[in-house]
**Student:** 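One structure coming up, written as structure tokens, with questions to follow.
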Amino acid sequence: MTQSSIAQLASQAYRGAAVAVPPLRAVIMLLNGAMTCLQKSVQAQEARRFEEGYAQLTRATAILRGLSLHLDSVRGGAVAEQLFETYNGLIVAALRAYGKPRMREHVQTITNSLLQLREAWESVDAAARSVRPPGDSSSRR
């Protein structure tokens with residue numbers, strides 16, 4: 001599978017999730033997916049299943065790339081720009097960590113960053129749900 005086809009799959013996954021669930025929930029689900037793929041990449045590499053490890057790493061970075069490409073810098077302003085830089089920094093860090101002797105530690109640092117992002121989005125989602133009444137159609141935007 002080529003890098004561009006994986007990026008297309010990640011973009012399709014994001015769009016599909018965004019239609020099926022509210023956007024904030026989709027972002028949370030995608031961050032969970034990226035963390036899972038990174039953990040599987042480490043496990044596969046440690047088991048010397050290098051092709052599988054690289055495939056999982058590529059999936060994780062494709063998810064992060066999809067998230068970064070779907071940011072709206074006009075509406076999001078400085079927050080969107082910072083998120084773009086964060087996602088791309090995490091992609092670079094993951095790619096640099098792959099195959100290194102201390103990959104597990106590097107991926108744990110990346111996963112901790114993703115966990116903090118996910119928790120921040122969960123807080124935003126909870127706050128948004130507490131403001132809107134259930135069934136409000138604007139929660140699907």
**Student:** Let's go through Gln56 and Leu38 carefully: what are the C-alpha distance in whole Å and the side-chain angles of both, what is the deciding distance for side-chain contact (heavy atoms from CB on, under 4.5 Å) to 0.1 Å, and is it a yes or a no?
**Tutor:** CA-CA 6 Å; Gln56 290 294 336; Leu38 286 171; over 6 Å; no

**Student:** Just verifying a value: how many Å separate Cys37 SG and Ile63 CD1, rounded to the nearest 0.5 Å?
**Tutor:** 4.5 Å

**Student:** For Phe84, is there any backbone N or O sitting under 3.5 Å from a side-chain donor or acceptor partner on Asn88?
**Tutor:** yes

**Student:** Answer with yes or no whether the hydrophobic clustering places Leu114 together with Val92; edges join I, L, V, M, F, W, Y residues whose side-chain heavy atoms lie under 4.5 Å apart.
**Tutor:** no

**Student:** Distance from Leu30 atom CG to Leu64 atom CG, nearest 0.5 Å?
**Tutor:** 9.5 Å

**Student:** Between Asn112 and Gln108, does the side chain to side chain donor-acceptor pair (under 3.5 Å) criterion hold? Intermediate values first, please.
**Tutor:** CA-CA 6 Å; Asn112 288 341; Gln108 186 60 49; 3.0 Å; yes

**Student:** Rounded to the nearest 0.5 Å, how far does CG of Leu115 lie from CD of Glu122?
**Tutor:** 8.0 Å

**Student:** Report the C-alpha separation of Leu90 and Leu117 in whole Å, then their side-chain angles, then the decisive distance to 0.1 Å, and conclude whether the side-chain contact (heavy atoms from CB on, under 4.5 Å) test is met.
**Tutor:** CA-CA 11 Å; Leu90 292 169; Leu117 271 173; 4.2 Å; yes

**Student:** Using the side-chain contact (heavy atoms from CB on, under 4.5 Å) rule, take Leu83 and Leu67 through it: C-alpha gap first, then chi angles, then the decisive distance, then the call.
**Tutor:** CA-CA 9 Å; Leu83 280 170; Leu67 286 168; over 6 Å; no

**Student:** Show the nearest heavy-atom pair for residues Ala94 and Thr61, with the distance to one decimal.
**Tutor:** CB-CG2, 4.2 Å

**Student:** Give me the atom names and distance for the closest heavy-atom approach of Ala80 to Asp72.
**Tutor:** CB-O, 3.7 Å

**Student:** Could you state whether Leu71 and Leu69 fall into the same hydrophobic cluster, counting links through intermediate Ile, Leu, Val, Met, Phe, Trp or Tyr residues with side-chain heavy atoms under 4.5 angstrom apart?
**Tutor:** no

**Student:** In Å and rounded to the nearest 0.5 Å, what is the CD to CE distance from Gln45 to Met103?
**Tutor:** 5.0 Å

**Student:** Kindly give the heavy-atom pair with the smallest separation between Ser68 and Arg65, and that separation in Å.
**Tutor:** OG-O, 2.9 Å

**Student:** Please walk me through it: do Tyr87 and Leu31 pass side-chain contact (heavy atoms from CB on, under 4.5 Å)?
**Tutor:** CA-CA 10 Å; Tyr87 289 138; Leu31 290 171; 4.2 Å; yes

**Student:** OG1 of Thr109 to CZ of Arg102: how many Å apart, nearest 0.5 Å?
**Tutor:** 8.5 Å

**Student:** Quick check: do Asn32 and Met35 have side-chain heavy atoms less than 4.5 Å from each other?
**Tutor:** yes

**Student:** Supply the atom-to-atom distance Ser41 OG to Arg104 CZ, rounded to the nearest 0.5 angstrom.
**Tutor:** 10.5 Å

**Student:** Provide the closest heavy-atom pair for Ser130 versus Ala127 in the form atom of the first, atom of the second, distance.
**Tutor:** OG-O, 2.8 Å

**Student:** If we ignore hydrogens and angles and just use 3.5 Å, is the side chain of Thr111 paired with the main-chain N or O of Val107 as donor and acceptor?
**Tutor:** yes

